[in-house]
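Here the structure is laid out as structure tokens; the discussion comes afterwards.
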Number of protein chains: 2
Amino acid sequence: MTNKLNLNNLTKSEEDYLKAIFQLLIEDDSVKVGNNQLADYLKVSPASTNNMIKKLKTKGYVVSEKYGKLDLTEEGKSIAVRLIRKHRLWETFLCNYLNFTWDEVHDVAEQLEHIKSRKLIDELDRFMDFPKKDPHGEMIPNANGDYSIIPKIMLSSLSEGDVCQLVAVNDGSVHFLKYVSEIGLALSSEIKILEVREFDKSIRIKFDNIIETVTRKFADNVFVKKVV
Amino acid sequence: MTNKLNLNNLTKSEEDYLKAIFQLLIEDDSVKVGNNQLADYLKVSPASTNNMIKKLKTKGYVVSEKYGKLDLTEEGKSIAVRLIRKHRLWETFLCNYLNFTWDEVHDVAEQLEHIKSRKLIDELDRFMDFPKKDPHGEMIPNANGDYSIIPKIMLSSLSEGDVCQLVAVNDGSVHFLKYVSEIGLALSSEIKILEVREFDKSIRIKFDNIIETVTRKFADNVFVKKVV
DNA sequence: TTAATTTGTTAGTCATGGCTAACTTTTTTA
DNA sequence: TAAAAAAGTTAGCCATGACTAACAAATTAA
Ligand SMILES: [Mn+2]
Ligand SMILES: [Mn+2]
Ligand SMILES: [Mn+2]
Ligand SMILES: [Mn+2]
């Protein structure tokens, strides 16, 4: 039982790397995560990621062979999930209590997730009465670190005639989130696929009697639950 | 009007240095702040402070002559006050909404004060309905950066027979704060000085029908308003 | 008013986490 | 299957913010 009560002596950078690897791993669990891919995601050079990966390997959070793909140890995953829990709880707090809109919360949560205090985050959770979803529809891991992977269906994967309900959106881009709100889409909106254009994969959708055409890129960032 | 809307591109370290200088300046406004004193306060070497002071001088936040004492520019003061505002608002939030005790809040606030978001702190202020004092009795600067310097009277400066009311305590030491609570003292407690012992400057005090002897060091960290 | 002490400065070192440029290995494509 | 492309690695550089050791200036005591 080497459950050495994780002193969490990690730097902000180390934390961001672990979270990034975790996000890339769950984003598409069939495809393994590569060094360049991670560099691209974090907007740093491959040399930087290579360097940090070495450190995280000696610390026991990452596993990989030379020239091989990256994976996280249980300890590494556990740290990543705790970061995601903090990130999403803070986003929820900002939206529900401090008048932030859903496109404003991500950058601030990116800072707040690094505050080190177990009590802080558990009390924040209690204060909000243990919310289950963040403002973008993503699940919030509980204090035990349970991360339930709900397979994400992209809007772009549906076909003509399908009806679905919006369950979550990618929270990384302010422009995207503003765009989603502006056209009138919101969590739980029921969306019908009217047409998928072969030429550029753009999709004609209908929701609340609004008809819109969205690009493939847009539809890749909208996650849904199929209804029909 | 070179009011260049302060981009606040400061590192955590730079912020901590500016806040420290400000604290030392207001702690005793007659005595100027020296390099070694700052090093001592921040628990770093004089070489480190010397180095950082150089940077803060070129950035226009600190003024000093070679081998001379330190002072802050208006811009430097303004940054320090905003940090103190953030620190105290977070301490208040932790105490009043997240079940923290007054000895638990300082270390977490020391991290939270560096979160960069104007909206976050102003909304937090509004959410708590613009509190005027933090859990240790210190005033909270408002959004305009007004810092009202209320001269602090140390309990140790009073004489036998004096009666006073506890208005604030030094928030830096967990041990001290726990001690204060444990003997039964709280903000607003009315304290009577029964005796000041010449030998070791220890003081015999009475409050709520409790009689206690406290050391000079203790009394230096308790701030009061004279009643009689 | 000299000498001792304190205070402040400088030089050089280290760890962290970025970078570019050059190289090696692996994978893909022709 | 050989050449080209992509992915991964290494070496060497930089900025930040710590440190120690040595030194200079200012202050205090003798
Ligand atoms: Mn987010
Ligand atoms: Mn982050
Ligand atoms: Mn404090
Ligand atoms: Mn701080």
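In the text below, chain A, chain B and the rest are named by the order of the sequence lines, each starting its count at 1. The analysis underlying the following values was restricted to heavy atoms, covering all of them including side chains, and did not include hydrogens, waters or symmetry mates.
Nucleic acid contact class of A:Lys54 (heavy atoms, under 4.0 Å, all strands): sugar-phosphate only. Backbone-only contact: A:Lys69 has heavy atoms under 4.0 Å from sugar-phosphate atoms and none from a base.
Between B:Lys12 atom NZ and C:dT16 atom P there is a gap of 17 Å when expressed in whole angstrom units. At whole-Å resolution of the value, CG in B:Asn35 and C1' in C:dT10 are 12 Å apart. As rounded to whole Å, 16 Å separates atom P of C:dC23 from atom NZ of A:Lys66. Distance, B:Gln37 CD to C:dT6 P: 16 Å, rounded to whole Å. Taking atom OH of B:Tyr41 as the reference point, atom C1' of C:dG8 lies 21 Å away to the nearest angstrom. The nearest whole Å value for the distance from the CD atom in B:Glu14 to the P atom in D:dT16 is 8 Å. A straight line from NZ of B:Lys57 to P of C:dT9 spans 7 Å, rounded to a whole angstrom. Whole-Å rounding puts the A:Asn36 CG to C:dT25 P distance at 17 Å.
Without hydrogens or angle criteria, A:Lys57 side chain to A:Ser64 main chain gives a donor-acceptor distance under 3.5 Å. B:Gln111 places a side-chain N or O within donor-acceptor distance of the main-chain N or O of A:Lys116, the cut-off being under 3.5 Å.
Salt bridge absent: A:Glu91 and A:Arg88 never bring a charged side-chain N and a carboxylate O closer than 4.0 Å.
Relative orientation of the A:Trp90 and A:Phe93 rings is perpendicular, given thresholds of 30° and 60° on the angle between their planes. In this structure, A:Phe127 and B:Phe127 have perpendicular ring planes: the angle between them is above 60°, well past the 30° mark.
The two residues B:Asn35 and B:Pro46 make their nearest non-hydrogen contact at ND2-O, 3.2 Å.
Screening B:Lys86, B:Arg85, B:Lys132 for a salt bridge (Lys or Arg N to Asp or Glu O under 4.0 Å) involving B:Asp125 leaves a single residue, B:Arg85.
Of the two residues contacting DNA chain D, namely B:Tyr67 and A:Gly34, the nearest-nucleotide position lying further toward the 5' end is that of A:Gly34.
Near-neighbour residues of DNA chain D inside residues 43-53 of chain A, defined by a heavy atom below 4.0 Å, number-ordered: A:Pro46, A:Ala47, A:Asn50.
Distances shown here put every side-chain N or O of B:Lys32 at or beyond 4.0 Å from the OP1 or OP2 atom of C:dG8. Side-chain N/O atoms of B:Ser13 include one lying less than 4.0 angstrom from OP1 or OP2 on D:dA18. Remark: B:Tyr17 is in phosphate contact with D:dA18, judged by side-chain N or O atoms under 4.0 Å from OP1 or OP2.
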